[in-house]
Amino acid sequence: MNAQSPLTVAAFSEKDAKDIIFAEVLEKHAFETKQWDASQRDAATRDAKGLTGNLPSKIALLPIRARLVIARMHERLKGVDNIHTKVSITFPWTVTLALFALLFGALTDYLATDGARINLLAPPLLGLLLWNLAIYFLLIAKALRLLTFELPMRQTVTQWLVKFSTYLPKANPIQRAFTEKWMSLVLPQYKLRIARAFHLAAMTFACGLLLGVAIRGIGTAYHVGWESTWFANQPALIHTFFDWTYGLFPAAFLGLPDMPSVSDVAQMAFGSSASSDIPASPWIIRLMMLIVGVVIIPRSLLVLYDTIKLRWLSKHIAISLKSPYYRSLLSETPVLPQWTGILINTPSSDEELPEKWHQVANHLKQASNSSIVVSLHAINAWDGTIADTLKHLPVAEQSHVLIVFDPTSTPEEEVHGQLLNDIYAWGQAHHINTPIVGLDLSRMVTRHGEGHPLIGSRTALWQTFVAEHHCRSFTFNIDDEKALDTIATQLRTSNP
């Protein structure tokens with residue numbers, strides 16, 4: 001049976017996604033400033049599991065763990081209290097754009113008419129219809145993936161908005177990192193908000209145009225007709241144009257007279273003596289219905305569609321899980337081994353082991369989601385009795401052996417090497433995990449101080465020695481409070 005491929009993308013609500021991204025930014029910053037390490041990271045994961053119990057998937061743990069990390073970072077990082085996860089919103093300028101379009105549309109009546117005359121071929125009126133039809137054509141082509149580029153105006157406004165939102169000259173590195181990462185994550189939503197704003201502006205512009213005509217018509221006797229430099233002597237062509245535009249809606253449906261014939265259209269020319277006798281109200285109603293049908297209704301539907309899609313996107317923000325940060329969180333095995341044996345190389349007996357090692361054993365038990373056994377054993381690489389000790393060790397599925405050395409001394413092949421070989425062979429014979437070697441630096445730190453060059457050279461010597469015996473090693477300081485989580489983390493990450 002093939003192994004299930006790891007999940008590379010997960011969707012979260014906007015609130016959960018913000019918390020997850022914010023926690024990621026905080027942890028990366030804390031790692032860089034040495035205020036957070038792998039043991040604390042794993043402790044946060046373990047504690048989050050303890051708060052929630054069984055979850056349907058590891059993905060469901062991420063937002064819960066993120067809130068726990070944020071709470072702990074408030075205690076560690078200065079200035080976190082002043083960090084906010086709010087970004088620039090589009091609502092204020094969307095409303096401003098819509099109101100401006102409404103006002104400009106109302107004033108367009110004065111631009112499109114010559115006094116009380118309405119030229120049915122006037123460029124502003126025809127331009128409004130043709131512009132919207134062109135936009136619909138591009139949207140359909142883009143929906144069918146015939147176009148791969150963004151509409152120029154939308155792309156320009158999107159770039160401006162992203163630049164404006166991420167311009168934080170007084171922000172600290174955490175705020176800046178979060179804002180940039182969040183904006184890149186919700187860029188599809190911002191593009192959709194901008195598209196909705198333009199649809200709303202086009203709709204309000206058309207409403208303003210109709211409002212201006214209707215209000216002005218109360219005290220103005222409009223006269224309708226047409227005039228053209230290029231088609232002045234072609235009333236048949238104008239008649240066809242009128243039928244395909246103003247005549248789209250059936251006259252009977254609107255309670256209006258039938259569309260004029262070619263001869264009637266010829267008399268509607270403003271140069272004709274009969275043009276002043278043409279009643280304007282039927283044509284104004286046709287104009288209004290044409291604007292409603294071509295602009296207001298389609299744009300309203302597009303606004304509704306974008307709003308519904310935005311609500312769905314706000315609940316399904318996709319976060320990529322391919323980065324090492326998320327892979328490390330999701331790859332952790334939730335259960336510690338059923339038995340863990342800690343073999344401490346010391347001249348002392350089991351009863352004389354320091355109390356701190358009993359604290360380690362209790363911590364491992366509490367950190368596990370299942371019932372495990374942790375046993376402590378004092379061994380001496382020099383007395384050659386390891387075989388007797390191994391005979392009395394329990395063996396269980398997912399067992400681990402942790403061998404603890406003090407790297408103060410120099411590793412010797414006949415002594416320490418033989419000990420590692422014996423324990424490794426015993427593990428292979430009983431089909432349990434490869435032994436892990438822990439190097440306790442407590443004596444060296446006490447003697448020389450943390451960061452002394454001798455500690456680094458000794459650690460490198462022992463790590464090379466252990467690797468030659470097919471084992472993995474790690475360092476810790478049993479006197480440090482972080483040692484408990486460090487040991488638990490190393491045991492967890494070594495699970496098969």
Side-chain angles (χ1 to χ4, degrees), residues 14 86-112 122-144 147 149-166 182-183 185-216 245 248-249 284-285 287-317:
E14 184 171 339
K86 296 179 180 179
V87 293
S88 298
I89 55 178
T90 57
F91 180 76
W93 71 266
T94 298
V95 174
T96 302
L97 180 63
L99 293 176
F100 177 79
L102 181 68
L103 178 62
F104 188 69
L107 296 176
T108 300
D109 175 49
Y110 293 94
L111 302 176
L125 298 178
L126 295 179
L128 173 65
L129 301 177
L130 294 177
W131 169 260
N132 282 272
L133 291 175
I135 292 297
Y136 302 152
F137 173 79
L138 292 176
L139 291 177
I140 293 174
K142 191 168 181 60
L144 297 176
L147 293 179
F149 58 86
E150 294 288 341
L151 299 184
M153 186 178 296
R154 293 186 188 180
Q155 185 176 14
T156 301
V157 175
T158 301
Q159 292 173 349
W160 173 83
L161 181 63
V162 171
K163 185 176 181 179
F164 173 78
S165 300
T166 54
W182 179 252
M183 286 298 296
L185 197 66
V186 296
L187 187 59
Q189 293 188 54
Y190 273 77
K191 290 181 178 179
L192 202 58
R193 287 191 177 100
I194 292 169
R196 183 178 63 175
F198 281 131
H199 292 320
L200 186 62
M203 182 184 70
T204 55
F205 177 85
C207 291
L209 178 61
L210 296 185
L211 185 64
V213 172
I215 293 177
R216 192 177 174 210
T245 52
L248 284 178
F249 296 95
I284 293 178
I285 293 176
L287 174 62
M288 289 182 172
M289 292 304 300
L290 186 61
I291 293 176
V292 169
V294 175
V295 182
I296 296 179
I297 291 179
R299 293 286 189 167
S300 300
L301 294 176
L302 288 171
V303 168
L304 178 62
Y305 170 79
D306 289 345
T307 301
I308 294 174
K309 190 172 181 179
L310 276 171
R311 289 185 178 180
W312 185 89
L313 285 177
S314 67
K315 299 178 182 179
H316 299 82
I317 296 179

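Sequence positions, counted from 1, serve as the residue numbers for this chain.
- Counting heavy atoms of neighbouring residues, nucleotides and ligands inside a 6.0 Å radius, atom NZ of Lys142 exceeds 12 of them.
- Minimum heavy-atom separation, Tyr136 to Val294: OH-O, 2.7 Å.
- Atoms CD1 and CE, on Ile296 and Met289 in that order, are 9.5 Å from each other to the nearest 0.5 Å.
- Remark: Thr245 OG1 to Leu129 CG distance equals 8.0 Å, nearest 0.5 Å.
- Residues in residues 288-307 take part in these side-chain hydrogen bond (donor to acceptor under 3.5 Å, both in side chains) pairs, two or more places apart or across chains: Asn132-Arg299, Arg196-Thr307, His199-Arg299.
- In this structure Leu287 satisfies the side chain to side chain contact (heavy atoms under 4.5 Å, CB included) test together with Leu125, Tyr246, Ile291, sequence neighbours excluded.
- Contact of the Phe198 side chain with the Leu302 side chain is not registered, since no non-hydrogen atoms from C-beta on lie closer than 4.5 Å.
- The minimum heavy-atom distance between Ala202 and Val295, with the atom names listed, is O-CG1, 3.7 Å.
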Under 3.5 Å, sequence neighbours excluded: what are the donor-acceptor pairs made by side chains of residues 205-213?
none

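- Annotation: side chain to side chain contact (heavy atoms under 4.5 Å, CB included) contacts of Leu130 (sequence neighbours excluded): none.
- Here the NZ atom belonging to Lys309 is positioned 13.0 Å from the CZ atom belonging to Arg193, to the nearest 0.5 angstrom.
- Annotation: side chain to side chain contact (heavy atoms under 4.5 Å, CB included) contacts of Leu304 (sequence neighbours excluded): Ile308.
- No side-chain heavy atom of Leu133 sits less than 4.5 Å from a side-chain heavy atom of Phe137.
- Between atom CZ of residue Arg311 and atom CD of residue Glu14 there is a gap of 13.0 Å, rounded to the nearest 0.5 Å.
- Although no hydrogens or angles enter the test, the distance criterion places no donor-acceptor pair under 3.5 Å between the side chain of Thr204 and the main chain of Ala101.
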